[in-house]
Amino acid sequence: MQKTTIAILGAGAWGQALADLASQNGHEVRVWSRRGSATLEAVISGAEIILSAIAMKGVSDLVSQVKSIPLSPNTILVTATKGLDPQTTSTPSQIWQIAFPDHPVVVLSGPNLSQEIQESLPAATVVASENTAAAELVQLVFSSPIFRVYTNPDPIGVELGGTLKNIMAIAAGVCDGLHLGTNAKAALVTRGLTEMVRIGQSWGAKTETFYGLSGLGDLLATCNSPLSRNYQVGYQMASGKTLTEILAHTAGTAEGVNTCQVLVQRAQQYTIPIPLTQQVYRLLQGEITPRQALEELMLRDIKPEYHY
Ligand SMILES: NC(=O)C1=CN([C@@H]2O[C@H](COP(=O)(O)OP(=O)(O)OC[C@H]3O[C@@H](n4cnc5c(N)ncnc54)[C@H](O)[C@@H]3O)[C@@H](O)[C@H]2O)C=CC1
Ligand SMILES: O=C(CO)COP(=O)(O)O
């Protein structure tokens, strides 16, 4: 394909991996980091695609900074952040789209542990947008023999899959850390997916999106890999460490911690049942031990698996 100019905002593990994938495909890639020497203006000037891969806590501020810089009207905005805004409970793509109503916004999300991608191991991802042409361009830019990219028309569903699975990955880490066995893990991941679907429906996401790469796919990757920072948080909590101790020694961002708090707030507002998320929340708050969280989940009122 034609050489494209891409600005990657965020030089963390994920921003760097995505920058390398685009560079390997021959595109002109410029990376901006808040600690780097290049200005934001210089990095995004003339870029056809601006991709943000920063942590959730910086998204609103970054959006305001980008908004103060004139962009070409065709510039495509891509978000690869997996989190929720604590003030508004909005997703990153919603924040970008509200600030740039006339620009196409694309969500990039999938089972993509950055370390494996940096080792050139094969992976697949999803680029989702209401603007099909924008999603197809981003698909072309990143597709390679080691990175298979699918398009999808449900950006909110794709984004929520990647965001909500982080809470389940914390729970899966606890499950493995307590050596609860394969049956327990299967039950947790399956009921976790049911909870993700329920939350997604309240946001207007399509149910089937959660059964794809960005939902079930990312759930499986993150709940089963010690490379996941969220899984590590749960695993270490099972050994009795406090959240503060764990985060002090965690390299990188475990978004599930913040997402869990925001989701509890949103679930109260919209009356969404979120039993697993509630227990992860209470555990992270230091209100209960991992064993107590397990007991409370197992002793809930018995009920049908589905309400058909
Ligand atoms: N590492 C991975 O395997 C994957 C990560 N993600 C998501 O990508 C996002 C970034 O994750 P990582 O790169 O792994 O984290 P990281 O901790 O390695 O890097 C975070 C980046 O965000 C920047 N940042 C943090 N606060 C900021 C602020 N206030 N203003 C501007 N920049 C700020 C940091 O400078 C850094 O460049 C997260 O939402 C994560 O869930 C998504 C897919 C895979
Ligand atoms: O989102 C990820 C894989 O798709 C990365 O997971 P962690 O943020 O838990 O490391």
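Predicted, not measured: the structure shown is a model, and the values here were computed from it. Remember, it's 1-based here, ligands and their atoms both numbered in the order they're listed.
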Novice: Given 3.5 Å as the limit, does a donor-acceptor pair link the side chain of D218 with the main chain of L213, or not?
Specialist: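 Here the side-chain-to-backbone pair does not exist.
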Novice: Could you identify the single nearest non-hydrogen protein atom to atom 13 (O) of ligand 1 and state the distance to 0.1 Å?
Specialist: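 Atom 13 (O) of ligand 1 sits closest to the protein heavy atom W14 N, 2.9 Å.
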Novice: Give a yes or no answer on whether the side chain of K67 reaches the backbone of A99 with a donor-acceptor pair at less than 3.5 Å.
Specialist: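 Checked: pair present.
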Novice: Closer than 4.0 angstrom: is that true for some heavy atom of D61 and an atom of ligand 1?
Specialist: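 The answer is no, since D61 has no heavy atom less than 4.0 Å from ligand 1.
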Novice: Starting from atom 6 (O) of ligand 2, which protein heavy atom do you reach first, and at what distance in Å?
Specialist: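 Residue, atom and distance for the closest contact: K165 NZ, 3.6 Å.
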Novice: So for Q232, does at least one of its heavy atoms come nearer than 4.0 angstrom to any atom of ligand 2?
Specialist: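 For ligand 2, residue contact (heavy atoms, under 4.0 Å) with Q232 is absent.
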Novice: Which protein non-hydrogen atom lies closest to atom 18 (O) of ligand 1, naming both residue and atom, and how far is it?
Specialist: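 Result for atom 18 (O) of ligand 1: A13 N, 2.9 Å.
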Novice: What part of T222, side chain, backbone, both or neither, has a heavy atom within less than 4.0 angstrom of ligand 2?
Specialist: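 Only the side chain of T222 comes within reach of ligand 2.
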Novice: Does any part of the side chain of L283, heavy atoms only, come nearer than 4.5 Å to the side chain of V174, both counted from C-beta?
Specialist: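 Heavy-atom side-chain distance check passes, below 4.5 Å.
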Novice: Does K82 reach ligand 2, in the sense of a heavy atom lying below 4.0 Å from it?
Specialist: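 Yes; K82 lies near enough to ligand 2 that a heavy-atom distance drops under 4.0 Å.
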Novice: Between P86 and Q261, is there a side-chain heavy-atom distance shorter than 4.5 Å?
Specialist: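 Contact flag for Q261/P86 side chains = no.
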Novice: Side chain or backbone, does N166 bring an N or O within less than 3.5 Å of an N or O on ligand 1?
Specialist: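 Min N/O separation from ligand 1 is not below 3.5 Å for N166.
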Novice: So how far is it from I44 CD1 to L9 CG, rounded to the nearest 0.5 Å?
Specialist: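 The CG atom of L9 is 7.0 Å from CD1 of I44, to the nearest 0.5 Å.
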Novice: Taking atom CD as the centre, does Q2 end up with more than 12 heavy-atom neighbours from other residues, nucleotides or ligands that are less than 6.0 angstrom away?
Specialist: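 No, not enclosed.
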Novice: Quick test of your reading of the structure: of E255, K82, R229, R35, whose heavy atom lies closest to atom 11 (O) of ligand 1?
Specialist: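 Considering heavy atoms of E255, K82, R229, R35, the nearest to atom 11 (O) of ligand 1 sits in R229.
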Novice: Once rounded to the nearest 0.5 Å, what's the spacing between atom CD1 of I199 and atom CE of M196?
Specialist: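 One gets 8.0 Å once the value is rounded to the nearest 0.5 Å.
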Novice: Identify, by atom number and element, the atoms of ligand 2 in contact range of N230, meaning under 4.0 Å from any of its heavy atoms.
Specialist: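 Heavy-atom distances to N230 below 4.0 Å select 7 (P), 8 (O), 9 (O).
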Novice: Just distances here: any N/O of A55 and N/O of ligand 1 closer than 3.5 Å?
Specialist: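 Yes: some nitrogen or oxygen of A55 is under 3.5 Å from one in ligand 1.
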Novice: Among all protein non-hydrogen atoms, which one is nearest to atom 2 (C) of ligand 1, and what is the separation to 0.1 Å?
Specialist: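 In this structure, atom 2 (C) of ligand 1 has S114 OG, 3.5 Å as its nearest protein heavy atom.
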Novice: Relative to each other, are the rings of Y231 and Y235 parallel, tilted or perpendicular (30° and 60° limits)?
Specialist: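 Plane angle under 30°, so parallel.
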Novice: Looking only at protein heavy atoms, which one is nearest to atom 10 (O) of ligand 2, and how far off is it?
Specialist: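 I find the closest protein heavy atom is R229 NE, 2.5 Å.
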Novice: Nearest protein heavy atom to atom 7 (C) of ligand 1, by residue and atom, and its distance?
Specialist: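 Going atom by atom, the protein heavy atom closest to atom 7 (C) of ligand 1 ends up being A80 O, 3.7 Å.
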Novice: State the OG-CD1 distance between S228 and I170, to the nearest 0.5 angstrom.
Specialist: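 Spacing of OG (S228) from CD1 (I170) equals 8.5 Å.
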Novice: Measure the shortest side-chain to side-chain distance between N131 and V106 over non-hydrogen atoms and say whether it is less than 4.5 angstrom.
Specialist: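 No; the side chains remain at least 4.5 Å from each other.
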Novice: Going by heavy atoms in the side chains, are T222 and N166 under 4.5 Å from each other?
Specialist: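 Side chain of T222 against side chain of N166, heavy atoms only: contact under 4.5 Å found.
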Novice: Polar contacts were defined as any N/O atom of the residue lying under 3.5 Å from an N/O atom of the ligand; does this apply to G10 and ligand 1?
Specialist: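 No, there is no polar N/O contact under 3.5 Å.
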Novice: Is any side-chain heavy atom of I167 less than 4.5 Å from a side-chain heavy atom of L276?
Specialist: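 Side chain of I167 against side chain of L276, heavy atoms only: no contact under 4.5 Å found.
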Novice: Does the N or O separation between A11 and ligand 1 drop below 3.5 Å for any pair?
Specialist: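 In this structure, A11 places an N or O atom under 3.5 Å from an N or O of ligand 1.
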Novice: I'd like to check whether K57 has a polar contact with ligand 1, where a contact means an N/O of the residue lying under 3.5 Å from an N/O of the ligand.
Specialist: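 No; every N/O pair is 3.5 Å or more apart.
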Novice: Out of I117, T253, T222, I54, whose heavy atom sits nearest atom 9 (C) of ligand 1?
Specialist: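 Of the listed residues, I54 has the closest heavy atom.
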Novice: Are the side chains of W14 and I8 in touch, meaning some heavy atoms are under 4.5 Å apart?
Specialist: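 Not in contact.
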Novice: When you measure from atom 28 (C) of ligand 1 to every protein heavy atom, which one gives the shortest distance, and what is it?
Specialist: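 Protein heavy atom at minimum distance: G58 CA, 3.4 Å.
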Novice: Using the side-chain contact (heavy atoms from CB on, under 4.5 Å) rule, pick out the option among Q269, Q278, Q285 that qualifies with V264.
Specialist: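 When Q269, Q278, Q285 are each tested with V264, the side-chain contact (heavy atoms from CB on, under 4.5 Å) holds only for Q278.
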Novice: Does an N or O from G83, backbone or side chain, lie closer than 3.5 Å to an N or O of ligand 1?
Specialist: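 By distance alone, the answer is no.
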Novice: Give me the nearest non-hydrogen protein atom to atom 10 (C) of ligand 1 as residue plus atom name, then the distance to 0.1 Å.
Specialist: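 Checked against all protein heavy atoms, atom 10 (C) of ligand 1 sits closest to A53 O, 3.4 Å.
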Novice: Evaluate P111 for polar contact with ligand 2, using N/O atom pairs at a separation under 3.5 Å.
Specialist: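 N/O-N/O distance below 3.5 Å does not exist for this pair.
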Novice: Relative to the heavy atoms of N112, which atoms of ligand 2 are at a distance of less than 4.0 Å?
Specialist: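 This gives 3 (C), 4 (O) as the contact atoms.
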Novice: Could you tell me whether some N/O pair between D218 and ligand 2 is separated by less than 3.5 angstrom?
Specialist: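 In this structure, D218 places an N or O atom under 3.5 Å from an N or O of ligand 2.
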Novice: Does N112 have a heavy atom less than 4.0 Å from any atom of ligand 1?
Specialist: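 The answer is yes, since N112 has a heavy atom less than 4.0 Å from ligand 1.
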Novice: Is there a donor-acceptor pair under 3.5 Å between the side chain of E295 and the backbone N or O of M298?
Specialist: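 No, because the side chain of E295 does not come within donor-acceptor range (under 3.5 Å) of the backbone of M298.
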Novice: As a check for students: among E116, R34, Q16, identify the option with a heavy atom nearest to atom 25 (C) of ligand 1.
Specialist: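 Shortest heavy-atom distance from atom 25 (C) of ligand 1: R34.
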Novice: N/O to N/O below 3.5 Å, does that happen between T81 and ligand 1?
Specialist: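 There is no such contact.
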Novice: Is there a donor-acceptor pair under 3.5 Å between the side chain of K185 and the backbone N or O of C223?
Specialist: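 Yes: the side chain of K185 pairs with the backbone of C223.
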Novice: Tell me whether ligand 2 is touched by S109 - counting only heavy atoms on the residue side and a distance under 4.0 Å.
Specialist: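 S109: no contact with ligand 2 (<4.0 Å).
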Novice: Could you tell me which atoms of ligand 1, counted from 1 in the order shown, lie closer than 4.0 angstrom to a heavy atom of G252?
Specialist: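 In order of number, 17 (O).
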Novice: Tell me the protein heavy atom at minimum distance from atom 19 (O) of ligand 1, and give that distance in Å.
Specialist: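 For atom 19 (O) of ligand 1, the nearest protein heavy atom is G12 CA, 3.3 Å.
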Novice: For the residue pair I50 and F100, establish whether any side-chain heavy-atom pair is separated by less than 4.5 Å.
Specialist: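 The answer is no; the side chains never approach within 4.5 Å.
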Novice: Give the atom numbers and elements of ligand 1 that come within less than 4.0 Å of a heavy atom of L113.
Specialist: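 Checking each atom against L113, I get 3 (O).
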Novice: Please could you name the atoms of ligand 2 that G110 approaches to less than 4.0 Å, counting only its heavy atoms?
Specialist: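 Heavy-atom distances to G110 below 4.0 Å select 4 (O).
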Novice: Please check if V105 and M56 belong to a single hydrophobic cluster, counting links between Ile, Leu, Val, Met, Phe, Trp and Tyr side chain heavy atoms closer than 4.5 Å.
Specialist: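 Linked, V105 and M56 end up in one cluster.
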